[in-house]
Amino acid sequence: MSKIEFPQNFLWGSATASYQAEGAYKEDGKGLSIWDVYTHIEGNSKNNSNGDVASDHYHKYKEDIKHMKECGQNSYRFSISWPRILPEGRGKINPKGIEFYKNMINECLKNDIKPFVTIYHWDLPQSLQDIGGWENKETAYAFRDFSKILYEELGDKVELWVTFNEPRFFIYSGYLIGNYPPSYNDPQKTIQASYNVMLANAFAIEEFRKSNAKGKIGLVHSFSPVYAISDSKEDRIALRNADNYFNNWVLDTAVKGKFPQDLIDKLNRNYDLSFMNKEDLEIIKNNTVDFIGLNYYARALVKAYTIGETVLKVNNSGKAKQGSSKIVVKDWFEMVADPKSKFTDWDTEIYPRGLYDGIMMVKERYDNIPIYITENGIGMVEEMVSGEIDDSPRIEFLKLHLIEIYNALSSGADVRGYYVWSTFDLYSWVNGYEKRYGLMYVDYENNNKRIPKKSYHWYKDVINSNGSILED
Ligand code: BG6
């Protein structure tokens, strides 16, 4: 390995999302999101926990940004709560909501931290869910109008925008698996919602190009590079099916402006696609992204689907998990787990090499498009011992992944930044607060006090050395 040295203008950051971090769920005029409603229903979340307070970022953002600065981070990826800006999803703007994000952005800029704004990280206004959510094209129009407000209000100060965080993840969880709101288990609805989200992505990009906002716009994908267990014809077909299922409908559509034709043909055999129309497809074709954000947690290892054989079932995350999860793509492929691999406490395979392979795949397929690694991290159960948190496994995890990114850079990929998930511990959706990802510990029992973990100090050294300590 040559001496590790990341490009001078590389962005070193960390990431959060509004519902998971902010709290203040009905403060200063904020409306309710689907997550506010969902987690308030008994039995929907781990220990009936919710994001009412979360990490209290709404009140502690200045302190949090100060910590980022002290760590040497030069970018912060966060999302905007739609119902904080538009309590009803459309119509009347909440000035306090705009003010909060302006303050956040100004605080970042004051500290030489480049804000990286995610427009949608899953907290849909409940009022829009009430009219059918992402199944209804009206929501795509509402998203377009929401994005326009953001460009007008924040567009002079933000250079990096993404429309959506992980369309695949929130749609499959909400519409196919049913463990996220709106809790459906329905392929037809899944297809409709997927289409409307990719259309909404194109609408928001169209508005961006029309606006005076500076900077670039992209989309963040929940990236599961797919591998097959063999090169047999059956396994190769399974690989293509899985790649379409996990990746291509998002990446091809966002970057090339076109849904994969073989996927459409396959879906057409069993589902009603009559809602797809020429005008929409034209908008999708003409409004593609400037860059791609990749969230990387694990690869997907697959084999041909064999009815009746109980091995491992598909779950949403591209994480092969023993037992519990459901078969969601009958006849297409099956997930398998490599017995030689290491897994996290949540049965997610640890496979750093997948990040290199995945980046190179994106580079080849999409003409060396600029890439940001917008999330990467490991969820752990952690305890404070004598006031300190030794999260050495996280350091090892991040180190191995950063080395793979460096290798991809050395192989010519245009990777421009890296964001650890997450800046501080936060609400892990249906996993509640037990699964911690942060560089900073949040003491939920003690006024949400922030305590930098060992990984925070290590990340600071990585940034200061421009990556060279990764060689040690
Ligand atoms: C990504 C999401 O899918 O993974 C984050 O963008 C999420 O919002 C992260 O928290 C980790 O997943 P989880 O379910 O372990 O919190």
Side-chain angles (χ1 to χ4, degrees), residues 13-22 33-35 38-39 44-47 49-51 54-55 57 76-82 116-124 162-174 176-181 197 218-225 246-247 250 292-300 315-321 324-325 343-350 354-355 358 372-382 393-394 397-398 401 418-439 442:
S14 58
T16 66
S18 46
Y19 183 73
Q20 298 180 271
E22 288 175 5
S33 78
I34 51 173
W35 278 92
Y38 180 79
T39 55
N44 274 351
S45 59
K46 182 102 182 175
N47 304 326
S49 56
N50 56 52
S55 315
H57 189 44
Y76 174 37
R77 176 176 174 241
F78 59 92
S79 77
I80 309 275
S81 160
W82 187 345
F116 185 124
V117 169
T118 305
I119 300 177
Y120 184 85
H121 200 128
W122 309 351
D123 39 2
L124 184 74
V162 287
T163 53
F164 284 93
N165 181 69
E166 300 190 346
R168 177 196 107 211
F169 204 94
F170 80 84
I171 292 172
Y172 287 5
S173 301
L176 196 55
I177 295 166
N179 61 339
Y180 280 17
V197 165
L219 173 143
V220 165
H221 175 52
S222 173
F223 193 35
S224 305
F246 284 119
N247 302 312
V250 178
I292 274 295
L294 299 175
N295 291 353
Y296 181 71
Y297 292 89
R299 67 168 169 171
N315 70 10
N316 183 15
S317 28
K319 300 163 185 166
K321 190 175 157 76
S324 63
S325 47
F343 292 83
T344 72
D345 293 345
W346 273 264
D347 286 337
T348 303
E349 187 186 21
I350 300 176
L355 186 51
Y372 294 84
I373 304 304
T374 34
E375 282 181 33
N376 176 231
I378 180 168
M380 290 165 43
V381 178
E382 294 170 73
R394 175 167 295 109
F397 181 97
L398 298 177
H401 287 82
Y418 176 77
Y419 296 79
V420 175
W421 184 265
S422 49
T423 313
F424 41 79
D425 294 333
L426 35 68
Y427 186 63
S428 177
W429 308 109
V430 288
N431 301 300
Y433 290 98
E434 275 169 25
K435 194 176 186 183
R436 293 175 182 266
Y437 279 92
L439 293 168
V442 174

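One-based numbering, in listed order, for ligands and for the atoms of each.
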Assert yes or no for the condition that the ring centre distance of Phe424 to His57 is strictly below 6.0 Å.
yes
Below a 4.0 angstrom heavy-atom separation, can you tell me which part of [X], side chain or backbone, both or neither, approaches ligand 1?
X: Asn431; result: side chain
X: Val220; result: neither
X: Ser428; result: both
X: Trp421; result: side chain

Would you say [Y] and [X] are linked by a side-chain donor-acceptor pair, where the criterion is simply a distance under 3.5 Å?
X: Tyr172; Y: Ser222; value: no
X: Asn165; Y: Thr118; value: no
X: Ser422; Y: Thr16; value: no

Taking only heavy atoms of [X], which atoms of ligand 1 are found under 4.0 Å from at least one of them?
X: Lys435; answer: 15 (O)
X: Tyr437; answer: 11 (C), 12 (O), 13 (P), 15 (O), 16 (O)
X: His121; answer: 2 (C), 5 (C), 6 (O), 8 (O)

Using the six-membered ring wherever Trp is involved, compare the ring planes of Tyr427 and Tyr433 and label them parallel, tilted or perpendicular (cut-offs 30° and 60°).
tilted
For the residue pair Tyr437 and Tyr297, does the interplanar ring angle fall in the parallel (under 30°), tilted (30 to 60°) or perpendicular (over 60°) class?
perpendicular
Judging by distance only, is a nitrogen or oxygen of Asn165 under 3.5 angstrom from one on ligand 1?
yes
Of Tyr297, Tyr427, Tyr296, which has the heavy atom at the shortest distance from atom 9 (C) of ligand 1?
Tyr297
Backbone N or O of Thr374 within a donor-acceptor pair of the Arg77 side chain at under 3.5 Å?
yes
